[in-house]
Number of protein chains: 2
Amino acid sequence: MGDDQVNLGLLCFFPYRAMETRVMAAATAAGFDDITLAQARIFQRIGPAGTRVSDLAEQARVAKQTATFLVDQLERAGYVERVPDPTDARARLVKIAARGEEAVALARRVEAEVEAEWAQHLGRRATAQLREALTRLREITDPYQGT
Amino acid sequence: MGDDQVNLGLLCFFPYRAMETRVMAAATAAGFDDITLAQARIFQRIGPAGTRVSDLAEQARVAKQTATFLVDQLERAGYVERVPDPTDARARLVKIAARGEEAVALARRVEAEVEAEWAQHLGRRATAQLREALTRLREITDPYQGT
DNA sequence: TGACAATAGACAGATTATCGAACCAATATG
DNA sequence: CATATTGGTTCGATAATCTGTCTATTGTCA
């Protein structure tokens, strides 16, 4: 006893999971009911100019084959499309398709909604500090902050 | 552009994953190399007095069957044991076994180490504020904070 | 420049994780 | 006490993931 403090990593987990759950539930309710959590975690990483499968894999920390597999499904469901990478004939860029843009728009709305609830609970000042601290923490916990 | 702020849920994800990765890597290096991430996520939830499989399932948000399956493996590997629940003859308590305690001790050490690095980066004041904010956020994002 | 290594992506097969359904035993409820 | 609920497991199916291997393209450097 005495040192029964929950570790910071675990404390970060609860909001993360809560947000993910809310967004997924809203997506399902809105008719995007064919997307799975694993697919969403890949989808989330696609940049505005498109992203390579191997980059998606690296950022999501799964094997290239897994990313290929999940992108296949996202493509079949109409959320993304694969286009040749003009700068490298070996590569292809995964880009968000029309249906994917709709899903992104919904996700952004829900995210803002949930953040508003959190800010309501914490207060504006503490929320701003939280964002600031997490952003700085990202510098040493996320190798891909450039994305 | 302009609204390109990363959402708070995702910002929470990076430290969470970083911590999980560090602990798992240290565990593997220390000879606890037969435990998987899925198993660890269940194991992590076991309370000091033991916890029922259905509670583990609920907290980890997996089906009872999945928890049973993972506890089976943890038991075979010597990390946990199942004992009858004295208060309910239907139930069994999953308890941490000797080898499990060793793994917990290692995990605690690594967690403290990583937190020290984070505190180094953020400063003590900001770290304390971060813990405070996340703890308050847990009130509305984790239904099982009692654990 | 041309041989060779490295990279991007995909396919095949095996393993792990997960869920839905059905089941048994014990407990709670009327 | 009859019935519903709860805790746990087993079975079968599906989803997700990895290792290994392959082709095509690109990068390197002697």
Side-chain angles (χ1 to χ4, degrees), chain A residues 17 20-21 24-25 27-28 32-47 49-77 79-95 144, chain B residues 17 20-21 24-25 27-28 32-47 49-77 79-95 144:
Chain A
R17 184 176 64 178
E20 190 176 68
T21 303
M24 284 303 288
T28 302
F32 302 111
D33 51 358
D34 51 351
I35 196 168
T36 68
L37 198 50
Q39 288 166 27
R41 285 172 179 163
I42 290 289
F43 181 77
Q44 194 181 17
R45 256 78 188 190
I46 303 172
T51 307
R52 296 181 181 183
V53 166
S54 34
D55 290 338
L56 293 176
E58 205 173 351
Q59 288 175 46
R61 305 242 189 127
V62 297
K64 274 192 307 180
Q65 298 88 327
T66 304
T68 298
F69 173 75
L70 295 169
V71 167
D72 281 349
Q73 296 170 225
L74 286 167
E75 190 171 30
R76 254 181 275 120
Y79 290 105
V80 308
E81 56 188 351
R82 281 188 245 229
V83 302
D85 183 339
T87 74
D88 188 336
R90 289 170 301 180
R92 306 168 71 182
L93 291 176
V94 180
K95 288 193 162 180
Y144 304 97
Chain B
R17 184 176 64 178
E20 190 176 68
T21 303
M24 284 302 290
T28 301
F32 304 111
D33 52 358
D34 52 350
I35 196 168
T36 68
L37 197 50
Q39 288 166 27
R41 286 173 178 162
I42 290 289
F43 181 78
Q44 194 182 17
R45 255 78 188 189
I46 303 172
T51 307
R52 296 180 180 183
V53 166
S54 34
D55 290 338
L56 294 176
E58 205 173 351
Q59 288 175 47
R61 305 241 190 128
V62 297
K64 273 193 305 181
Q65 301 91 316
T66 305
T68 297
F69 173 76
L70 295 169
V71 167
D72 282 349
Q73 294 170 228
L74 286 167
E75 191 172 31
R76 252 180 278 121
Y79 291 106
V80 307
E81 56 189 351
R82 281 188 245 227
V83 303
D85 183 340
T87 75
D88 188 335
R90 289 170 301 182
R92 306 168 74 181
L93 291 177
V94 180
K95 288 193 163 181
Y144 306 97

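Naming convention: chains lettered A, B, ... in sequence-line order (proteins, then strands); numbering from 1 in each chain. These values consider heavy atoms only, across backbone and side chains, with no hydrogens, waters or symmetry-generated copies. Note that the structure is a prediction, hence the values are computed from the model and not measured.
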- request: Return the 5'-most residue of the pair B/Q39, A/A91 with respect to DNA chain C, ranking by each residue's nearest nucleotide.
  value: A/A91
Test side-chain hydrogen bond (donor to acceptor under 3.5 Å, both in side chains) applied to A/D85 - qualifying residues, sequence neighbours left out: A/R52, A/T87
For the residue pair [X] and [Y], what are the closest heavy atoms and their distance?
{"X": "B/Q59", "Y": "B/R45", "value": "OE1-CG, 3.3 Å"}
{"X": "A/V94", "Y": "A/V71", "value": "CG2-CG1, 4.0 Å"}
{"X": "A/A67", "Y": "A/A57", "value": "CB-CB, 3.7 Å"}
{"X": "B/L93", "Y": "B/A49", "value": "CD1-O, 3.8 Å"}
{"X": "A/A38", "Y": "A/L70", "value": "O-CD1, 3.7 Å"}

Quick check for you: to the nearest 0.5 Å, what is the distance between [X] atom [atom1] and [Y] atom [atom2]?
{"X": "B/K95", "Y": "B/E75", "atom1": "NZ", "atom2": "CD", "result": "13.5 Å"}
{"X": "A/R82", "Y": "A/D72", "atom1": "CZ", "atom2": "CG", "result": "4.5 Å"}
{"X": "B/M24", "Y": "B/L37", "atom1": "CE", "atom2": "CG", "result": "5.0 Å"}
{"X": "A/L56", "Y": "A/R41", "atom1": "CG", "atom2": "CZ", "result": "15.0 Å"}

Bounds of contact between DNA chain C and chain B, in 5' to 3' order, using a heavy-atom cut-off under 4.0 Å: C/dA17 to C/dT27
query: Taking only residues at least two apart or on different chains, which pairs with a member in residues 54-71 of chain A satisfy salt bridge (Lys or Arg N to Asp or Glu O under 4.0 Å)?
result: none
- request: Would you classify B/R82 as touching base, sugar-phosphate or nothing, given that sugar-phosphate means primed atoms plus P, OP1 and OP2, and contacts are heavy atoms under 4.0 Å?
  value: sugar-phosphate
query: What does B/D88 touch in the nucleic acid at a heavy-atom separation under 4.0 angstrom: a base, only the sugar-phosphate, or nothing?
result: sugar-phosphate
- request: With axes from five pairs an end, tell me the bend angle of the helix from C/dT1-D/dA30 to C/dG30-D/dC1, nearest 10°.
  value: 30°
- prompt: Should the pair A/F43 and A/Y79 be assigned to parallel (<30°), tilted (30 to 60°) or perpendicular (>60°) ring geometry?
  reply: perpendicular
query: Taking C-beta and beyond as the side chain, do B/D34 and B/Q39 meet within less than 4.5 Å on heavy atoms?
result: no
- prompt: If you find the nucleotide of DNA chain D closest to A/R90 and the one closest to A/L37, which residue's nucleotide is nearer the 5' end?
  reply: A/L37
Selection: residues 62-76 of chain B, any non-hydrogen atom under 4.0 Å of DNA chain C: B/V62, B/A63, B/Q65, B/T66, B/F69, B/L70, B/Q73
message: I'd like the 5' and 3' limits of the part of DNA chain D contacted by chain A, with heavy-atom contacts below 4.0 Å.
response: D/dA16 to D/dT26
